[in-house]
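Shown next, in structure tokens, is the structure this report addresses.
Atoms within each ligand, like the ligands themselves, are counted from 1 in listed order.
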Amino acid sequence: MANQKFTKLIVIALFCEAIIGCDSVSPTIPPILFGPAQNPSSVAPILSPSYRPTPSPSISSPDPEVQKPLSPNPYPFYLLPLGQGIKAAYWPSFTGFPASSINTSYFTHIYYAFLLPEPATYRLNITSFDLEKLLEFTGTICTLNPPVKTLLSIGGGGNDPNVFSKMASNKSTRAIFINSTIEIARKYGFDGIDLDWEFPANDTDMSNLALLLKQWREALEKEANITQKARLLLTSAVYYASKITLFVVPPTYPGDAIGRYLDWVSPMCFDYHGSWDRVTGEHSALNDPNSNISTSFGIQSWFQVGVPPEKIVMGLPLYGRTWKLQDPNMNEIGSPAAGPGPGDGILIYSQILEFNNQNNATIKFDKLSCSFYSFAGPSWVGYDDVGSVKLKVRFALARSLRGYFFWALGQDLDWVIPREASNVWGYG
Ligand SMILES: *[C@@H]1O[C@H](CO)[C@@H](O)[C@H](O)[C@H]1NC(C)=O
Ligand SMILES: *[C@@H]1O[C@H](CO)[C@@H](O)[C@H](O)[C@H]1NC(C)=O
Ligand SMILES: *[C@@H]1O[C@H](CO)[C@@H](O)[C@H](O)[C@H]1NC(C)=O
Ligand SMILES: *[C@@H]1O[C@H](CO)[C@@H](O)[C@H](O)[C@H]1NC(C)=O
Ligand SMILES: *[C@@H]1O[C@H](CO)[C@@H](O)[C@H](O)[C@H]1NC(C)=O
Ligand SMILES: *[C@@H]1O[C@H](CO)[C@@H](O)[C@H](O)[C@H]1NC(C)=O
Ligand SMILES: *[C@@H]1O[C@H](CO)[C@@H](O)[C@H](O)[C@H]1NC(C)=O
Ligand SMILES: *[C@@H]1O[C@H](CO)[C@@H](O)[C@H](O)[C@H]1NC(C)=O
């Protein structure tokens with residue numbers, strides 16, 4: 001019964017796709033986190049205290065290198081050859097989902113999430129928990145078929161941005177951090193390193209991020225030359241858009257350095273809305289004619305700062321966000337809400353299917369945002385399902401992006417979403 005309804009909706013979604021084409025909907029140029037985001041809504045008044053931005057004074061970088069113009073790009077961009085697409089996913093070490101359960105058929109790259117730098121020394125802190133998980137991950141992943149590449153991700157939604165800020169502000173501390181990341185990545189057999197600094201908060205942080213990426217890439221090249229090993233990849237998860245509107249004075253990412261020194265960058269195209277908003281919303285909306293908070297705006301904003309499409313790997317959530325409706329009869333997107341719904345505001349995909357089933361929820365597909373929502377009584381969930389993820393992958397293809405990634409492994413059932421996404425992507 002529930003399955004029938006489900007199938008019907010997918011058919012509707014695909015039909016809409018045929019007549020509208022997700023990326024032709026509202027081309028307003030102009031619409032995270034890992035872990036469930038802290039509260040990355042750009043609606044300033046409702047931000048959680050931890051994201052309350054401090055006004056930043058004018059840029060005054062302590063590092064003279066910031067002022068220097070960049071030299072010609074030593075790392076040319078390549079056109080995307082067949083087989084070079086990225087289908088990635090994060091493996092959260094802290095949820096208990098076993099690494100041995102990963103079906104690597106649907107992925108090219110798996111990220112280990114996360115390690116953190118020690119606040120005092122900036123070397124990676126490997127606690128006994130991390131050690132156990134690192135050994136589980138690295139001991140398992142190489143036995144899986146087909147093989148995948150692995151990246152060690154540093155930071156995440158729970159990180160202290162001040163540690164990254166301080167580390168990045170000084171050439172010697174950058175060097176210590178970089179050295180530690182290379183040592184650990186090599187020790188545990190990773191193919192690359194991923195930075196998830198959430199978030200650089202002002203122009204000084206952004207200039208220092210550019211310096212960090214340059215120094216890091218140079219160190220990786222050098223290490224590869226010395227050891228004669230394949231160079232470690234360098235990637236970064238970033239805010240969905242190139243300008244971080246979480247802050248009163250929104251800083252812009254250094255697009256030039258990102259395009260040059262990273263192998264790819266991964267905008268976190270989710271957490272646009274959540275129970276911190278007073279109305280329901282789609283947290284991974286593809287389009288939103290009423291705001292800049294959407295994936296189409298975010299991706300365009302990365303182009304605008306000079307990051308080429310073949311360096312962009314778009315984020316897709318395997319979880320939804322929930323609200324408690326003020327009035328169960330007002331159950332559209334944008335309806336008044338009275339706080340978090342089931343799961344205290346977050347349900348992972350498998351829980352959403354269960355919620356829909358158990359409550360005989362009404363399920364709707366919204367063409368504009370390319371998202372689903374469901375409701376039962378006062379409970380409301382905005383989320384992605386197979387149909388909407390397929391449309392978003394088509395959007396990534398239409399924009400010639402490098403690929404896509406999921407947050408996070410273990411949140412879906414039976415791999416249905418990664419499998420269908422992979423089928424649409426078609427290669428690599
Ligand atoms: C959306 O972005 C455009 C271009 O960056 C900007 O001009 C406009 O002010 C933004 N709109 C809002 C509501 O922030
Ligand atoms: C920039 O933000 C960092 C936190 O990320 C803060 O420590 C630093 O003082 C800020 N710098 C300026 C110039 O505002
Ligand atoms: C992984 O997925 C592939 C493709 O769907 C399937 O053939 C294979 O049996 C799956 N592997 C496992 C271990 O379930
Ligand atoms: C490493 O992390 C653990 C757990 O958070 C903490 O107790 C310990 O003090 C950290 N070590 C250093 C050197 O910062
Ligand atoms: C940079 O860090 C090094 C090593 O921690 C320290 O000796 C030096 O004083 C720092 N420089 C500045 C400008 O803070
Ligand atoms: C890290 O620093 C140590 C100590 O200076 C050095 O022996 C090692 O070669 C460095 N590793 C890398 C990858 O630079
Ligand atoms: C690495 O080696 C290549 C050629 O073998 C050279 O062109 C390049 O400059 C070297 N890079 C570094 C950082 O040493
Ligand atoms: C489930 O909801 C539909 C309307 O969406 C209704 O027709 C049906 O009777 C409901 N079934 C149960 C078991 O509540």
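At a heavy-atom cutoff of 4.0 Å, ligand 6 is surrounded by N179, I182, E183, E223.
Residue pairs meeting the salt bridge (Lys or Arg N to Asp or Glu O under 4.0 Å) criterion with at least one member in residues 141-167, sequence neighbours excluded, do not occur. Among residue pairs with one or both ends in residues 141-165, those qualifying as ring pair (Phe, Tyr, Trp, His ring centres under 6.0 Å) are F164-W197; sequence neighbours excluded.
In terms of modelled atom types and a separation under 3.5 Å, the side chain of D277 and the main chain of V279 share no donor-acceptor contact. A donor-acceptor pair is defined here as one N or O able to donate and one able to accept, closer than 3.5 Å; such a pair exists between the side chain of T127 and the backbone of D130.
Near A201, with a cut-off below 4.0 Å to any heavy atom, the atoms of ligand 2 are 2 (O), 5 (O). Residue N202 approaches ligand 2 through these ligand atoms, each under 4.0 Å from one of its heavy atoms: 1 (C), 2 (O), 3 (C), 8 (C), 10 (C), 11 (N), 12 (C), 14 (O). Atoms of ligand 2 lying under 4.0 Å from any heavy atom of T204, numbered from 1 in the order shown and given with element: 13 (C). Residue contact check: S165 has heavy atoms under 4.0 Å from atoms 3 (C), 4 (C), 5 (O), 7 (O) of ligand 2.
Applying the ring-ring contact (aromatic ring centres under 6.0 Å, His included) rule to F137 yields the partners W91, Y112, F190; only residues at least two apart in sequence or on another chain are considered.
Between the NZ atom of K187 and the OG1 atom of T138 there is a distance of 10.5 Å, given to the nearest 0.5 Å. Rounded to the nearest 0.5 Å, atoms CG (N170) and CG (L211) are 11.0 Å apart.
Atom CG of D344 has 12 or fewer neighbouring heavy atoms from other residues, nucleotides or ligands inside a 6.0 Å radius.
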